Amino acid sequence: MARALITCPKTAQRGEIIEIRTLIAHPMETGYRAGPDGAILPRNLIRHLSCRYFDGHDDVEVFSAELFPAVAANPFISFFTTATASGTLRFSWSGDNGFAQTERVTLTVT
Amino acid sequence: MNGPLDLRGWQRRRLLGATAGIAGAMWLRSAPAAQPDLAAAIAAFAAGAPVRAGRVVLDIAPLVENGNVVPVKVEVQSPMSEADHVKAIALFNERNPQRDVFVFHLSPRAGRATVAARIRLAGSQQLVAVAQMNDGSCWTHTVDVIVTLAACVEP
């Protein structure tokens, strides 16, 4: 289980645009680099991130990202979303070697 | 009389050869500047729509000391309404082993078409941010960056 960090306000006004910042610990090995023995290190990437907003009855994908080797190690991605109703934000990362991780953040909308 | 004529002919051939050599060198120099694969990657993302400059701001330091971690921010001028919003934001590079950097998919729920990430750059190069609107039109911003320590090359 990789360490993930999600920075997002706990409470927001209805209709407020909030910034979400995500960071996950991952080497993002490109498959183009040689290791200490000169052999090419096998590719190991996070390829996809998706953020779904569940507000009690609708589960909508509000943001998704496709990542390539040019994304730095420990991928940091930030984006915005509109706070529509109290609910949960679900972040799912997936990648090579069966990598999959899901984190949840609750948001209270007043 | 034959001697000086032959010499002149030899000199002319040498001059012609040298001129051809210079022209060849200039052609070799100008060839990589076109970067056909970068243009092809952008055209594939645009899916046939015209790609115009404007509406997009790619925010990146012009002088990068460490190519392994380069913060970038892309802002697109858009009301982000159902009728007019940004569908996707992509970033392309010129000199990394692969042209794609990332593709982010947005919806009107985003509220603001601003995204940020940290990327790798293998050397000084051009970066192109492309925003695809819901009507299919594409807008770009191109930035040149100088990289002191290239990613991928140094372990």
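Lettering follows sequence order; numbering is per chain, from 1. Just so you know, these numbers come straight off a predicted model, no measurement behind them.
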Aromatic ring proximity, centroids under 6.0 angstrom, B:Phe104 and A:Phe63: yes

If you count heavy-atom pairs under 4.5 Å between each of A:Pro36, A:Ala73, A:Ala72 and chain B, which one has the most? A:Ala72

Name the residue from B:Val143, B:Val115, B:Ile119, B:Val145 that meets the side chain to side chain contact (heavy atoms under 4.5 Å, CB included) definition with B:Val72. B:Ile119

When you compare the side chains of B:His105 and A:Glu66, does any donor N or O come within less than 3.5 Å of an acceptor on the partner? yes

Against chain B, work out which of A:Tyr53, A:Phe80, A:Phe79 has the most heavy-atom pairs shorter than 4.5 Å and name it. A:Phe80

Ion pair A:Asp96/A:Arg47, N-O distance below 4.0 Å: yes

Side chain, backbone, both or neither: which part of A:Thr84 has an atom under 4.5 Å from a heavy atom of chain B? side chain

So for A:Pro69, is it side chain, backbone, both, or neither that comes closer than 4.5 Å to the heavy atoms of chain B? both

In this structure, are over 12 heavy atoms from other groups packed under 6.0 Å from A:Glu61 atom CD? yes

Which bit of A:Leu23 comes within less than 4.5 Å of chain B, counting heavy atoms only: side chain, backbone, both or neither? side chain

